[in-house]
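Okay, so here's the structure we're looking at.
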Amino acid sequence: MTVVEKAAHALPQLDAEMAGPLHAELAAHGVALVVALGWRALQAKDGLVGQVELENGQRIETDFVLLSIGVRPSVQLAREAGLTIGLSGAIAVDDVQRTNDPDIYAVGDAAEITHGVTGEHGRIPLAGPANRQGRLAGEHAATAMSKYLLGCMLPVSRRRLEVLKRRLEARTTIAGWSAPRCWARPLCRYLDCRWA
Ligand SMILES: Cc1cc2nc3c(=O)[nH]c(=O)nc-3n(C[C@H](O)[C@H](O)[C@H](O)COP(=O)(O)OP(=O)(O)OC[C@H]3O[C@@H](n4cnc5c(N)ncnc54)[C@H](O)[C@@H]3O)c2cc1C
């Protein structure tokens, strides 16, 4: 088996030194690892896949290919409509999923999320956030009353919220982040929404 990874090391979301043991584990199990190279083409043999061609022209014989290469939002239509695209490559939205055109909402994989801990914008292409964003956008479009619910974290009771707040405080202290920046704003919005 060969793993082809375009980034500099396997599991690129980890720091390089943390990927070291993973590389050793792969090697111990006889898995060949190619890093810093993407695949360029698949070559057929007798009607089935037979070779993977890498960006440097190297060819790997195979009879099975599993592509696990992530997703990127298709935002051409949004761009052409004059909507703002965020740094993450997804459509920028406000707290109620409105784009910079207040008559257009964006939700799901194509829309940015606000990280519940850091307050930063990014992407989480998962069904849970897409579902909640869809409900929020629909509710706001119909009532103009909805409020943003703490990024991707939705605690259901005040007691659970207190626990979450303590955990966030501990985590932000460890990480050296500024606690108010991390949780105060979304937390207050959440409290306003549930208990105002
Ligand atoms: C293989 C796979 C497994 C996954 N597993 C999980 C999982 O276990 N848990 C999880 O939380 N998430 C999972 N996801 C992610 C999840 O499916 C997505 O995050 C979620 O579906 C995004 O919802 P969405 O509404 O943004 O997009 P979609 O669900 O993709 O809906 C977009 C719809 O728009 C339609 N469409 C596109 N272009 C046009 C057009 N021009 N005109 C009209 N219609 C159009 C598409 O056909 C599609 O029906 C998985 C995704 C994949 C691909």
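All ligand and atom numbering here is 1-based and tracks the order in the structure.
Atom 23 (O) of ligand 1 has Ala130 CB, 3.7 Å as its closest protein atom, hydrogens excluded (heavy atom only). Distance from atom 22 (C) of ligand 1 to its nearest protein heavy atom, with residue and atom name: Asp109 OD1, 3.2 Å. For atom 13 (C) of ligand 1, the closest heavy atom belonging to the protein is Leu126 CD2, 4.2 Å. Looking at atom 12 (N) of ligand 1, its nearest protein heavy atom turns out to be Ala127 N, 3.2 Å.
Checked by atom type and distance alone, the side chain of Arg123 pairs as donor or acceptor with a backbone atom of Val71 at under 3.5 Å.
Using a 4.5 Å heavy-atom threshold, the side chains of Tyr105 and His140 count as touching. With contacts defined as side-chain heavy-atom distances shorter than 4.5 Å, the pair Asp109/Pro73 does not qualify.
Checking atom 51 (C) of ligand 1 against the protein gives no heavy-atom contact under 4.0 Å. Proximity of atom 32 (C) of ligand 1 to the protein is not indicated, since no non-hydrogen protein atom lies closer than 4.0 angstrom. Protein heavy atoms are absent from the space less than 4.0 angstrom from atom 48 (C) of ligand 1. Protein heavy atoms are absent from the 4.0 Å sphere centred on atom 25 (O) of ligand 1. Remark: atom 19 (O) of ligand 1 lies closer than 4.0 Å to at least one protein heavy atom.
Across all their heavy atoms, Gly108 and Ala130 have their closest contact at CA-CB, 3.6 Å.
Distances between N or O atoms of Ala110 and those of ligand 1 include no value under 3.5 Å.
Only the backbone of Pro125 comes within 4.0 Å of ligand 1, judged by heavy-atom distances.
Each of the atoms 26 (O) of ligand 1 lies under 4.0 Å from some heavy atom of Gly108.
Rounding to the nearest 0.5 Å gives a distance of 8.0 Å between NE2 of His23 and CD of Glu5. Interatomic distance, CD of Glu53 versus CD of Gln43, reported as 5.5 Å (0.5 Å rounding). Here the CE-NE2 distance, from Met1 to His29, works out to 11.0 Å after rounding to the nearest 0.5 Å.
Enclosure of atom CG in Asn56 by more than 12 non-hydrogen atoms of other residues, nucleotides or ligands within 6.0 angstrom is indicated.
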